[in-house]
Amino acid sequence: MRAAIHRRFGGPDVLTVADIPTPAPRAGEVLIRVHASTVSAADRRSRAKDVPAGLAIPSSLVLGFFRPRRRVLGMDVSGTVVAVGRDVRRFAPGDEVIAMLGSRFGGHAEYVVIDSQAAVTARPRGLSFEDAAALVFGGVTAHAFLDQVDVRRGTRALVNGASGAVGSAVVQLAHALGAHVTAVTSGANRAMVTALGADEIIDYHVDDFTTAGRSYDVIVDCVGNAPVRRVGHLVAPGGAVLLVAGDLRSMIAARRDEKRLGITVVTAPGPYRAEDLGHLVELAEAGVLRPIVDRTYSLDAVADAHRYVDGGRKRGSVVLSMTTTAPEIR
Ligand SMILES: NC(=O)c1ccc[n+]([C@@H]2O[C@H](COP(=O)([O-])OP(=O)(O)OC[C@H]3O[C@@H](n4cnc5c(N)ncnc54)[C@H](OP(=O)(O)O)[C@@H]3O)[C@@H](O)[C@H]2O)c1
């Protein structure tokens, strides 16, 4: 099969498209023919080994110390089940699915195997494979953080980095739960983020949300510049800070910050589960959760896709399509 591979860490040019063996499903696994995946912030970090401060050694255990352990990146897929291993009951060939592969990666290829009990579920009706793929990485991450705290009608939530894959999903999920959402984004993304359900916008080029004297029940940092030491004073007693992009220092300080401020500090997502992915599918089918596709690239243009993601300005997701041959479709 064809796959985007990298044999060393570095810039987008380390990526090439090569023929590698097609995996075969073992007992309990399904083989998916991939239609689309995304080039996510995690792919960019893993390719470049550019991780938040202090996390180089722990992340090397997963990514590899000197060479990539996961030569094929891609944490999410949409596609069609083409074969199943022994004892698979949940899926059959022909089923159209989405899946979160997580740190096992492998989605930037024509085929991938996944445990049938893992985060894989029927794809949303009414969405293209490209849109369905764009739902996964941001949606699953947003859900896996939000699910650990109490968000309900009237919760005052602030989302820092509201236009990215994760932030755009957090805005929508928090809005759907009835929260009053304040989104920190650039002016260029104001209209998009408002349309996703944000009640208020703070343009970070103009205002510093940490000095505005406002209070929130939940702050979600999807940028990495809002650790508790900077935003703790904004959180109401009993509130929470969700560090989607936290560094090691913030993680070490978390338990101390919780005691000191009487808040919850979440530093890692909960487990990726099929039922949660199924919940996201229901929300997408109901029109409550909308995938945002910034650009779509072909597999052959994978380095260009990474180059664009490296810019740090993408809105929602950058999709990698295994079925198109046009290098880039906007
Ligand atoms: N802990 C986990 O398990 C986990 C899981 C997924 C992701 N992450 C991390 O979470 C972070 C977000 O992921 P993502 O996929 O959402 O990233 P992304 O899609 O690449 O985010 C890009 C967006 O960030 C916005 N942005 C950049 N600087 C900003 C700032 N100072 N203030 C507000 N917005 C800013 C940009 O908007 P403008 O163009 O308007 O600036 C752009 O739309 C990444 O660091 C990623 O590695 C962690």
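Please read all numbers here as calculations on a predicted model, not as lab measurements. FYI, side chains are in, hydrogens and waters are out, and symmetry mates aren't considered; it's all heavy atoms of this structure. Whatever order the structure lists ligands and atoms in, that order sets their numbers, starting from 1. In this chain, residues are counted from 1 in sequence order.
In this structure, the protein non-hydrogen atom closest to atom 24 (O) of ligand 1 is Gly312 O, 4.1 Å. Counting protein heavy atoms only, atom 28 (N) of ligand 1 is closest to Arg313 NH2, 3.4 Å. Annotation: atom 20 (O) of ligand 1 to nearest protein heavy atom, Lys314 CE, 3.6 Å. Nearest protein heavy-atom neighbour of atom 11 (C) of ligand 1: Cys222 O, 3.3 Å. Looking at atom 45 (O) of ligand 1, its nearest protein heavy atom turns out to be Arg45 NH2, 2.8 Å.
Residues Thr155 and Asp217 bring no donor and acceptor atom of their side chains to less than 3.5 Å of each other. A side-chain donor-acceptor contact under 3.5 Å links Ser60 and Lys49. No side-chain donor-acceptor contact under 3.5 Å links Ser46 and Asp43.
Among the candidates Arg153, Glu200, His175, Arg156, the single residue satisfying the side-chain hydrogen bond (donor to acceptor under 3.5 Å, both in side chains) test with His180 is Glu200. With respect to Arg44, the side chain to side chain contact (heavy atoms under 4.5 Å, CB included) criterion is satisfied by exactly one of Val39, Val309, Val318, Leu73: Val309.
Counting atoms of ligand 1 from 1 in the listed order, those under 4.0 Å from a heavy atom of Val184 are 33 (C). Every atom of ligand 1 is numbered from 1 in the order shown, and the set under 4.0 Å from a heavy atom of Ser186 is 38 (P), 40 (O). Each of the following atoms of ligand 1 lies closer than 4.0 Å to a heavy atom of Val166: 6 (C), 7 (C), 13 (O), 14 (P), 15 (O), 16 (O). Close contacts of ligand 1 with Gly316, meaning ligand atoms under 4.0 Å from a residue heavy atom, involve 19 (O).
Below 3.5 Å of separation, one finds an N or O of Val244 facing an N or O of ligand 1. Considering backbone and side-chain N/O atoms, Thr267 never comes within less than 3.5 Å of an N/O atom of ligand 1. Ligand 1 has no N or O atom lying under 3.5 Å from any N or O atom of Ala162, backbone or side chain. At under 3.5 Å, not a single nitrogen or oxygen of Ala245, backbone or side chain, sits near a nitrogen or oxygen of ligand 1. Backbone and side-chain nitrogen or oxygen atoms of Ser163 are examined, and one is located within less than 3.5 angstrom of a nitrogen or oxygen of ligand 1. Remark: ligand 1 and Asn189 share an N or O pair separated by less than 3.5 Å (distance only, no angle test).
With hydrogens and angles ignored, the 3.5 Å screen pairs a side-chain donor or acceptor of His6 with a backbone N or O of Arg71.
Looking at every heavy atom in both residues, Leu15 comes nearest to Ala303 through CD1-CA, 4.3 Å. The two residues Arg230 and Asp208 make their nearest non-hydrogen contact at NH2-OD1, 3.1 Å.
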(request) Start with the C-alpha gap between Asp147 and Arg273, add the side-chain angles, then the distance that decides, and say whether salt bridge (Lys or Arg N to Asp or Glu O under 4.0 Å) holds. (result) CA-CA 12 Å; Asp147 204 33; Arg273 295 178 300 217; 3.6 Å; yes
(request) Please assess Asp304 against Arg307 for the test salt bridge (Lys or Arg N to Asp or Glu O under 4.0 Å), listing each intermediate value before the final yes or no. (result) CA-CA 5 Å; Asp304 289 338; Arg307 239 170 249 121; 2.5 Å; yes
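Contact analysis leaves Gly187 out of contact with ligand 1, as no non-hydrogen atom separation drops below 4.0 angstrom. Ligand 1 lies out of reach of Gly224, whose nearest heavy atom is not under 4.0 Å from it. Heavy-atom distances between Pro269 and ligand 1 reach below 4.0 Å in at least one pair.
With sequence neighbours excluded, the residues forming a side-chain hydrogen bond (donor to acceptor under 3.5 Å, both in side chains) with Glu96 are Arg123, listed by chain and number.
If you check each of Phe145, Phe137, Tyr204 against atom 29 (C) of ligand 1, the one with the closest non-hydrogen atom is Tyr204.
Dense packing is recorded around CZ of Phe65, with more than 12 heavy atoms of other residues, nucleotides or ligands lying under 6.0 Å away.
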